Amino acid sequence: MRQNEVITPNTTSQIFNIIRKHGEINRMGLTELSGVSKSTISLQINKLIRLGLVEEIAPSDTSQRKLKLKICEKVGYIAGLFLGITKLSMAIFTLDMEIVCEKEYHFDSIQEPVSCNKQIIKYLKEVCTKLGIPKLWGIGIGFPFPVNFKEGKPDSPPNVPLWDGYPLKTIYEKEFGCPVLIDNDVNVMALGEGVKGCTQGESDFLFIKLGTGIGSGLIVDGQIYRGANGCAGDVGHIGVNGETIQCICGNKGCLEAVAGGLALARKAEQLAASGASPYLKQLLDQHVKLEASHINDGAMHGDFTCIQLIRETGKAIGEVTAKLVNFFNPSSIIFGGGVAGFGNLLIGSIRETIIRRSPHLATFELNVAVSELKSKAGPIGSGALILEHIFSDEEFQTTVIQNLDA
Ligand SMILES: [Zn+2]
């Protein structure tokens, strides 16, 4: 039956995706949302039910009598992988993005791609076997450095040069026999935040990762905006007014050189060595290797120099972010990464600077917040990346044939 089913380009996938994104919905609601005639809806619904992708259920609200439609979320599973320098986060999702399994694995380092990916493939196969999943419908992978999205390969990744051009997409597609997409970490984190974080339902927002380095993911009209060459959002190398600190990119005064995790660790060492911060000096005297997080600890202990440094860092981040607000007019700016964990003192200073430097029309409803998902944003975003792809109008028919006719 399934082999003979004719999928009308766009309409079948359109109806399926409305049900998938909306959740339980009756036929009348579906007609209103899709703008498609009742008879077409009926035809498409029957088709999706015969395919085993949609089912009709009694409404959970007993005062309503009409049957509701929902997707058969457990008919297939996808995986979201998120790779860091020393850690892999992995999650398996149903087709409605419910997590059925989450795992974390630690590496000494991901310097060498061949053995590292052999290990990751082994982990993923073990998890699928344990869950009784014979075949994944798709895999999304977040990678911590620049990625050639079309080709699915890392592109000149600093720190891990052996990964340059390594054919990640091809290797995983061959191993798992399903579509695979690779994108850089901030893009998938932005997507994750939009799917299950604090920007659900928003179509134009910005996710800024304040980690060892600084980068951002732009969501425009509900989609990741990659730009002409795939490197949109590289905000870490925008200059901060009046700053002259040397950046690894060769320029001076970049935001990353002022407010990135490495830059802050260096500042912490200087403030400890000079004695300007009693809290940091005390740690240095105990031979503690100072990191950016110690500045936050110092501020929590009332160390004035640490408080002042967080305020100044927030001001620098706010200055660059204000330029982005003026240019892009997002509804939200969400901060993630270790430095974003500094909390209200940092975010307050960022927000204050943005409001001072941007027009009222762009800021009066602007939401400036810290990621709710934290480390979960990565694997959730990687999962969302591949899920949107396999159910896109272009891929829908292939997805159905490859997975439901098997
Ligand atoms: Zn730079």
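Note that the numbering runs from 1 along the sequence shown for the chain. These numbers come from a predicted model, not from an experiment. We count ligands from 1, going down the list as the structure has it; atoms in each ligand are counted the same way.
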*Asks:* If you draw a sphere of radius 2.8 Å around the Zn ion (ligand 1), how many protein N/O/S atoms end up strictly inside it?
*Replies:*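 Of the protein's nitrogen, oxygen and sulfur atoms, 4 lie under 2.8 Å from the Zn ion (ligand 1).
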*Asks:* A quick test of your reading: do over 12 heavy atoms of other residues, nucleotides or ligands sit less than 6.0 Å from NZ of K70?
*Replies:*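 It does: K70 NZ has more than 12 such atoms within range.
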*Asks:* Can a salt bridge be assigned to the pair E319 and K323 using a cut-off of 4.0 Å between side-chain N and carboxylate O?
*Replies:*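 Here E319 does not pair with K323 in a salt bridge, since their nearest N and O are not under 4.0 Å apart.
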*Asks:* Looking only at side-chain N and O atoms, does D393 offer a donor or acceptor that is under 3.5 Å from a partner on S13?
*Replies:*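 Yes, a side-chain donor-acceptor pair sits under 3.5 Å.
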*Asks:* Taking atom OH as the centre, does Y225 end up with more than 12 heavy-atom neighbours from other residues, nucleotides or ligands that are less than 6.0 angstrom away?
*Replies:*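 12 or below, so no.
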*Asks:* Looking at residues at least two apart in the chain, or sitting in another chain, which of them share a side chain to side chain contact (heavy atoms under 4.5 Å, CB included) with T212?
*Replies:*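 For T212 the side chain to side chain contact (heavy atoms under 4.5 Å, CB included) partners, ignoring immediate neighbours, are L262.
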*Asks:* Taking only Lys NZ, Arg NE, NH1 and NH2, and the carboxylate oxygens of Asp or Glu, determine whether K21 and E388 approach each other closer than 4.0 Å.
*Replies:*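 Salt bridge: yes.
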